[in-house]
Amino acid sequence: MSRHEQMPTPVTQDFMGSYLESLAMVERLHRLLLDVIKDEFERLGLLDINAVQALLLFNIGENEVTAGELKSRGYYQGSNVSYNLKKLVEMGYMHHQRCEIDRRSVRVRLTEKGRSVRTHVEELFERHADGLKTKGLIGSDGMEDINRALKRMERYWSDQIRYIY
């Protein structure tokens with residue numbers, strides 16, 4: 001090892017514990033988000049669509065996309081997104097059309113029914129954002145700090161996949 005290279009510093013137990021707590025929290029928050037959406041849809045009587053599918057509609061928004069684009073954006077895993085897109089098309093929440101250039105690829109976009117679901121999810125998120133802020137649970141600065149930290153972690157994990165040591 002050259003004198004310019006640094007020896008890796010050992011991870012302290014405190015840091016490791018905090019890291020593991022963060023990992024568990026991200027996983028719990030995702031599951032809890034799906035439960036919150038599910039409960040909202042049960043209250044609204046929207047029982048034919050699940051929370052993962054509703055979140056997929058929300059994330060697609062007004063865009064026209066392929067399953068590959070959703071996977072490459074990091075929203076969903078392959079078989080999961082393909083299955084849910086197929087179901088959403090069958091239930092009338094999405095239109096699908098073969099690409100003119102690449103006939104193997106299918107482009108999807110929301111129908112009016114899909115946009116209605118997206119609106120419900122957006123209104124739910126707006127209520128939550130307003131509640132967090134007005135109750136003083138977390139302000140704009142706190143939310144920005146969280147997002148910055150999560151983006152750094154996302155970048156680090158992405159690098160681990162791309163650049164295997």
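Computed from a predicted model, the values in this text were never measured in an experiment.
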Using modelled atom types only, decide if a donor and an acceptor are shared between the side chain of [X] and the backbone of [Y] within a distance under 3.5 Å.
X    : Y    : answer
K133 : H128 : no
R109 : V65  : no
N84  : N80  : yes
N63  : I60  : yes

Do [X] and [Y] sit in the same hydrophobic cluster, where Ile, Leu, Val, Met, Phe, Trp and Tyr count as joined when their side-chain heavy atoms come under 4.5 Å apart?
X    : Y    : value
L44  : L110 : yes
L33  : L57  : yes
V26  : L132 : yes
M153 : V11  : yes
V106 : M91  : yes

Please name the pair of heavy atoms, one in [X] and one in [Y], separated by the smallest distance, quoted to 0.1 Å.
X   : Y    : answer
E69 : T66  : OE1-N, 2.8 Å
A54 : I37  : CB-CG2, 4.0 Å
E64 : R107 : O-NH2, 2.7 Å

Requested in this report: Could you go through the side-chain contact (heavy atoms from CB on, under 4.5 Å) check for I49 and F41 one step at a time?
Outcome: CA-CA 8 Å; I49 186 168; F41 277 43; 3.6 Å; yes
Requested in this report: Please check if atom CD in E42 has more than 12 non-hydrogen atoms from other residues, nucleotides or ligands closer than 6.0 Å.
Outcome: yes
Could [X] and [Y] be called an ion pair, given the rule that one side-chain N must be under 4.0 Å from one carboxylate O?
X    : Y    : value
E40  : R43  : yes
R127 : E123 : no
R148 : D145 : yes

Less than 4.5 Å apart, any side-chain heavy atom of [X] and any of [Y]?
X    : Y    : value
V108 : L88  : no
S158 : R162 : yes
L46  : H120 : yes

What side-chain donor-acceptor pairs closer than 3.5 Å can you find for residues 12-24, not counting sequence neighbours?
residue	atom	partner	partner atom	Å
T12	OG1	F15	N	3.0
S18	OG	D14	O	3.1
Y19	OH	W157	NE1	3.2
S22	OG	S18	O	3.1

Separation between [atom1] of [X] and [atom2] of [Y], rounded to the nearest 0.5 Å:
X    : Y    : atom1 : atom2 : answer
R31  : K38  : CZ    : NZ    : 14.5 Å
Q53  : L85  : CD    : CG    : 9.5 Å
I138 : M143 : CD1   : CE    : 4.0 Å
L32  : M25  : CG    : CE    : 9.5 Å
N50  : L34  : CG    : CG    : 8.5 Å

Query - Contacts of F58 that satisfy ring-ring contact (aromatic ring centres under 6.0 Å, His included) - sequence neighbours left out - result: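 Result, ring-ring contact (aromatic ring centres under 6.0 Å, His included) vs F58: F125.
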Query raised in the report: So which pairs with a foot in residues 86-96 pass side chain to side chain donor-acceptor pair (under 3.5 Å), sequence neighbours left out?
Result: D48-Y93
